[in-house]
Visitor: 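Before we start, here is the structure in question, set down as structure tokens.
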Protein chains: 2
Amino acid sequence: MQPNSKTQLINYVQNFVSLEDDEAQQFATAFEEVKVKKRQFIVQPNFTNKHRSFVVKGAFRTYAITNEGQDHTLQFAIENWWASDFNSYIYQHPATLFIVALEDSTILQIEYEKEQELKKNSHKFETFFRIIAEKGLAFEHRRILFNLTHDAEARYENFSLNFPNFANRVPQYALASYLGMSTEFLSRIRNKRARAKS
Amino acid sequence: MQPNSKTQLINYVQNFVSLEDDEAQQFATAFEEVKVKKRQFIVQPNFTNKHRSFVVKGAFRTYAITNEGQDHTLQFAIENWWASDFNSYIYQHPATLFIVALEDSTILQIEYEKEQELKKNSHKFETFFRIIAEKGLAFEHRRILFNLTHDAEARYENFSLNFPNFANRVPQYALASYLGMSTEFLSRIRNKRARAKS
DNA sequence: AGCAGATCAAGAAAAAAGGTTGATGTAGTT
DNA sequence: AACTACATCAACCTTTTTTCTTGATCTGCT
């Protein structure tokens, strides 16, 4: 419960709405710090995702397993990103996704009920949550469009350009399944580009 | 869903109460077969333990992590044992324990509600669950007494005498934390005894 | 036929888990 | 004060698991 992680959250929030000291205080105390070990799950199918989690430190992968056993990565989250099974969280229905820590991590979690309360009692907090939702939605639109219109190599290039942090930090199999290609194929793409550089 | 695993369960139950064919049938169909991979959790803190699990094949470890990060094994379960966070299961409250597969395993799970139904509608099933609870309780009493009155080496010797299967099958760190000693110390005890034999 | 990409199989490489050993420390006996 | 019964720490080794790489073969387009 270092003050640090909460400060980080508040700084993040201030990017979107400006908070008075007491508001910042109120927002911060609604969250609880949790440490999560690598490979630990914070969301699992069949259990309702009761928290929204802000990543203070570490990395997470959100993925689904199809009935045929195929693994599809839907999202990554590192510092200053959020992790949740959004469908489970906002409807408070059982989750269908897994969210697993890729590294030892620290997160700040807010309970669903608590979040509703914050939003209900404060126009500003309402605004904040709207903004991050809209940005998230816009991001996904760009992503879907890009994926539909580009081949595997372009998707990889685009991703590693936009998120060099992620590209080097997440395991290759996870990135491949995020970009919609086999891990072998991604390995070849990377190799080819590495060779091209030298 | 091999008939095999259900037969195994029924045979186990018949050790305690004798079932007519239709009763056996009814009991068996209340359970669902689930395959669990090594290192997968079937119970985790904060999630309610909704099932009682009968181990058909494989091995599990039930443990707690203290706030200081210490790991304490409370139970092992192999073939024909049960695994659950009992406090979470019977009160249907969030669990405080972890239950993890030590090997690739097969279990038969019954839902809490389903179990209540079985017991309510059948005196015999009620008896069965009472018996296994009483035996479990008696076992824990013996264990607590023994632990209070014996030193580390005796505890190990007693355990490996009573459960030679477990002693050779579960990882040493898990056994050490079950027997209440450090893994290094258990390593030394084992070494000493091995040398004594030759 | 040629391309983008999948799948399979075999290994290599890297990381993690599990176990051992020696050194040192400590609380409670004798 | 020495002894017993352990713990803790650190270094190191071994084994297992995970992750990545590469070649070979296959498939569905265009």
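These numbers were taken from a predicted model, which means no experiment stands behind them.
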Visitor: Rounding to an integer number of Å, can you tell me how far Met181(A) CE sits from dA6(C) P?
Guide: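 My rounded result for the distance is 8 Å.
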Visitor: Tell me whether the side-chain N/O atoms of Arg39(A) come closer than 4.0 Å to OP1 or OP2 in dA15(C).
Guide: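 Answer no for this pair, as no side-chain N or O of Arg39(A) is under 4.0 Å from OP1 or OP2.
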Visitor: Would you mind reading off the distance between Gln40(A) atom CD and dA16(C) atom C1', rounded to a whole angstrom?
Guide: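 Those two atoms, CD and C1', are 17 Å apart.
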Visitor: Rounded to whole angstroms, how far apart are CZ on Arg169(A) and C1' on dT19(D)?
Guide: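 For the pair Arg169(A) CZ and dT19(D) C1', the rounded distance is 18 Å.
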Visitor: How close or far is atom P of dA4(C) from atom OH of Tyr156(A), stated in whole angstroms?
Guide: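 Those two atoms, OH and P, are 18 Å apart.
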Visitor: Between dG5(C), dT20(C), dT7(C), which nucleotide has the shortest distance from any of its atoms to the side chain of Ala152(A)?
Guide: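 The nucleotide sitting nearest to the side chain is dG5(C).
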Visitor: State which of dC20(D), dT7(C), dT21(C) makes the closest approach to the side chain of Ser187(B).
Guide: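 The listed nucleotide nearest to Ser187(B)'s side chain is dT21(C).
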Visitor: From dG5(C), dT16(D), dT20(C), pick the nucleotide closest to the side chain of Lys38(B)?
Guide: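 Selected nucleotide (nearest to the side chain): dT16(D).
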Visitor: Taking Lys120(B) first and then Glu117(B), would you say they form a salt bridge - that is, a charged N and a carboxylate O separated by under 4.0 Å?
Guide: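 So Lys120(B) does not pair with Glu117(B) through a salt bridge.
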Visitor: Classify Tyr173(B) by what it touches in the nucleic acid, base, sugar-phosphate, or nothing, heavy-atom distance under 4.0 Å.
Guide: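 Here Tyr173(B) touches the backbone only, sparing every base.
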Visitor: Where does the angle between the aromatic ring planes of Phe163(B) and Phe159(B) fall among parallel (under 30°), tilted (30 to 60°) and perpendicular (over 60°)?
Guide: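 Taking Phe159(B) first and then Phe163(B), their aromatic rings sit tilted (interplane angle of 30° to 60°).
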Visitor: dC20(D) C1' sits how many Å from Ile189(A) CD1, rounded?
Guide: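 Interatomic distance, CD1 of Ile189(A) to C1' of dC20(D): 15 Å.
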Visitor: Using a distance-only test with no angle check, is there a side-chain donor-acceptor pair under 3.5 angstrom linking Arg190(B) and Tyr156(B)?
Guide: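 Their side chains do contain a donor-acceptor pair, which is all the 3.5 Å distance test asks for.
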Visitor: Output the single nucleotide from dT21(D), dA15(C), dT8(D) whose closest atom is nearest the side chain of Arg188(B).
Guide: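 That would be dT8(D).
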Visitor: Please give, in whole Å, the distance from dT20(C) C1' to Phe185(B) CZ?
Guide: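 Roughly 15 Å, once rounded to whole Å.
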Visitor: Given Arg52(A), which of Glu111(A), Gln109(A), Glu115(A) fulfils the side-chain hydrogen bond (donor to acceptor under 3.5 Å, both in side chains) condition?
Guide: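 In the set Glu111(A), Gln109(A), Glu115(A), the residue that makes a side-chain hydrogen bond (donor to acceptor under 3.5 Å, both in side chains) with Arg52(A) is Glu115(A).
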Visitor: Map Gly180(A) and Glu184(B) onto DNA chain C by nearest heavy atom, then report which one ends up closer to the 5' terminus.
Guide: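 So the residue in question is Gly180(A).
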Visitor: Please work out which of the three classes, parallel, tilted or perpendicular, describes the rings of Phe27(B) and Phe125(B), given edges at 30° and 60°.
Guide: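 Taking Phe27(B) first and then Phe125(B), their aromatic rings sit tilted (interplane angle of 30° to 60°).
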Visitor: Provide, to the nearest angstrom, the distance between the CG atom belonging to Leu175(B) and the P atom belonging to dA17(C).
Guide: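 Atom-to-atom, Leu175(B) to dA17(C), this comes out as 20 Å.
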Visitor: Kindly say if Gln172(B) contacts the phosphate of dT20(C), meaning a side-chain N or O under 4.0 Å from OP1 or OP2.
Guide: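 Looking at the OP1 and OP2 atoms of dT20(C), one of them is under 4.0 Å from a side-chain N or O of Gln172(B).
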Visitor: Students often get this wrong, so: under 4.0 angstrom with heavy atoms, is Lys37(B) touching a base, only sugar-phosphate, or nothing?
Guide: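 It contacts nothing in the nucleic acid.
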Visitor: Go through dT20(C), dT21(D), dG5(C) for me and flag the one nearest to the Thr183(B) side chain.
Guide: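 Shortest atom-to-atom distance from the side chain points to dT20(C).
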Visitor: Can you tell me how far P of dA16(C) sits from CG of Leu102(A), to the nearest Å?
Guide: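 For the pair Leu102(A) CG and dA16(C) P, the rounded distance is 12 Å.
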